[in-house]
Every structure is written in structure tokens, then in C-alpha cells.
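Step one of this worksheet: look at the structure below.
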Amino acid sequence: KQEVTQIPAALSVPEGENLVLNCSFTDSAIYNLQWFRQDPGKGLTSLLLIQSSQREQTSGRLNASLDKSSGRSTLYIAASQPGDSATYLCAVRGDNNNDMRFGAGTRLTVKP
Amino acid sequence: EPEVTQTPSHQVTQMGQEVILRCVPISNHLYFYWYRQILGQKVEFLVSFYNNEISEKSEIFDDQFSVERPDGSNFTLKIRSTKLEDSAMYFCASRTGLTGANVLTFGAGSRLTVL
């Protein structure tokens with residue numbers, strides 16, 4: 001059974017810092033991996049999706065990488081802003097199923 | 001931008017009552033999902049639906065739960081007899097199913113409170 005772990009559970013940084021969020025998964029037979037953002041009490045907003053054949057995806061200040069063989073993904077946020085404060089979730093879809101398995105998230109606080 | 005729409009945004013019900021949560025997926029999407037998130041916990045998969053039938057379900061999705069796509073647009077989750085532990089945020093999601101364009105898009109959620 002796929003297990004997804006996110007480290008750290010919480011992170012607080014000053015505005016302007018570059019930061020890295022980590023995601024690891026136990027079964028490397030994945031179809032894709034998706035990073036989401038969740039604001040308190042709200043739904044999930046998709047940030048980036050990486051197919052299993054890809055190594056990274058970029059969108060604005062966000063860059064997500066994937067190392068399938070080692071079961072790891074990172075989300076890099078450049079020049080962080082207070083508006084980036086949210087919980088960031090990593091989710092993995094396996095090769096042989098339709099559903100996505102989520103990590104518990106990293107709660108990011110960017111201080112002005 | 002196309003959205004997944006969920007209603008109601010918040011429902012309060014008494015234990016033992018039936019609840020129906022509604023979702024309108026994005027119109028050209030083929031795969032539909034329900035997830036739930038108990039306060040402070042992980043987002044958990046409940047069920048996936050494709051071609052008018054359940055394709056996968058988790059151990060959480062027991063006989064108290066059912067899903068339907070009654071009219072080709074709405075996708076509903078029914079909980080027959082709610083329990084206190086069913087209190088959670090329920091998210092509907094959908095995706096196209098096309099290779100390379102499989103972003104899973106979530107709705108804003110329906111918060112269910114069982115008293």
C-alpha cells in the first residue's frame with residue numbers, strides 16, 4: 001500500500017527566502033505526482049503535476065522535481081511571499097489504480 | 001476557468017440521518033472522485049467512478065456510502081445513516097482521463113457536521 005510522507009510538517013520562514021518542501025513515497029510504481037495548496041478551511045488548488053516520465057515541472061516561482069526511483073519529490077518555492085502561507089500537499093497516483101494518495105502536508109508560514 | 005462545484009458548502013445533521021452531497025464535475029471530465037478530510041488529518045480517498053460505475057473504493061467506503069451520477073452532470077455521495085465520525089470536509093474531484101492531461105481538479109468541499 002502506497003504511503004506518502006511529507007517533511008517537515010510545519011515550516012516558518014521570513015519573506016524572500018527560497019525554500020524546499022519534501023515528499024517521499026514508498027511505492028515507486030507511480031503514474032504521476034501532484035502538488036496542491038490548501039488554505040485553511042478551503043479546498044485544494046492544483047499547483048503542479050509531474051508525469052512519471054518527467055523529472056520536473058515549473059510554474060512561476062514554483063519548481064517541482066521527481067526522482068521516481070528513490071521515491072522522492074521536492075517543491076521549491078523561490079522568493080517566498082506572505083501570500084504563499086498555506087498547507088502544501090503532495091499526492092501520488094499509482095500505476096495500477098485511479099486514486100491519489102495524499103501526504104499529511106507541510107504547513108508553511110511566510111512572515112513579512 | 002472550469003470548476004468543480006459542490007453543494008452544500010456546509011451541512012449540519014443529526015446522527016442517523018441520511019445526507020446527500022452534490023457535485024458538478026467539469027463537463028468534459030470522465031473520472032470522478034470523492035475524498036474526505038477529517039479536521040487536522042490527511043485527505044483520504046473514498047471512491048472513484050468511471051463509465052457509470054465504481055472503479056475503486058477504499059476501506060472507508062462501506063455499505064453506508066453510495067455514489068450516483070443520476071443525470072449525466074451531477075455526481076452525488078450519499079451517506080445513509082450518519083455517524084459522529086462522518087464529520088469531515090468532503091471533496092469532489094474530477095479529471096479528463098486523457099494521457100498527459102490528468103490534473104485532478106478539486107471542488108471547494110462540503111463540510112459535514114454530525115451532531
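All heavy atoms count here, side chains included; hydrogens, waters and symmetry mates do not. Residue numbers begin at 1 in each chain, while the letters A, B, ... track the order of the sequences.
Contacts of B:Gln6 with chain A are absent, with no heavy-atom separation under 4.5 Å from either backbone or side chain. Residue A:Gln38 touches chain B through its side chain alone, counting heavy-atom pairs closer than 4.5 Å. For chain A, no part of B:Tyr50 is nearby; none of its heavy atoms comes within less than 4.5 Å. Heavy atoms closer than 4.5 Å to chain B are found in the side chain of A:Leu89, but not in its backbone.
Distance check, rounded to the nearest 0.5 Å: OG of B:Ser58 to NZ of A:Lys1 gives 8.5 Å.
Heavy atoms only, all atoms of each residue included: A:Met100 and B:Leu104 are closest at SD-CD2, 3.5 Å.
For A:Glu15, the CD atom is densely surrounded, since the number of other residues' heavy atoms within 6.0 Å is greater than 12. Heavy atoms from other residues, nucleotides or ligands lying under 6.0 Å from CZ of B:Arg69 number more than 12.
B:Phe32 and B:Ile54 fall within the same hydrophobic cluster, defined by Ile, Leu, Val, Met, Phe, Trp and Tyr side-chain heavy atoms under 4.5 Å apart, directly or through other members. B:Val114 and B:Met89 fall into different hydrophobic clusters, defined by Ile, Leu, Val, Met, Phe, Trp and Tyr side-chain heavy atoms under 4.5 Å apart, directly or through other members. Taken together through direct or relayed side-chain contacts under 4.5 Å among Ile, Leu, Val, Met, Phe, Trp and Tyr, A:Tyr88 and A:Leu11 form part of one hydrophobic cluster. Under a hydrophobic clustering in which Ile, Leu, Val, Met, Phe, Trp and Tyr are joined whenever their side-chain heavy atoms come within less than 4.5 Å, directly or via other members, A:Leu47 and A:Ile30 fall into the same cluster. B:Val47 and A:Leu44 sit in two unconnected hydrophobic clusters of ILVMFWY residues. Membership requires side-chain heavy atoms under 4.5 Å apart, directly or through other members.
By the 4.5 Å heavy-atom criterion applied to side chains, B:Arg95 and A:Arg93 are counted as neighbours.
A donor-acceptor pair under 3.5 Å is absent between the side-chain atoms of B:Tyr35 and the main chain of A:Asp99, judged by distance alone.
Note: A:Gln34 leads A:Gln34, A:Lys42, A:Gln54 in heavy-atom pairs under 4.5 Å with chain B.
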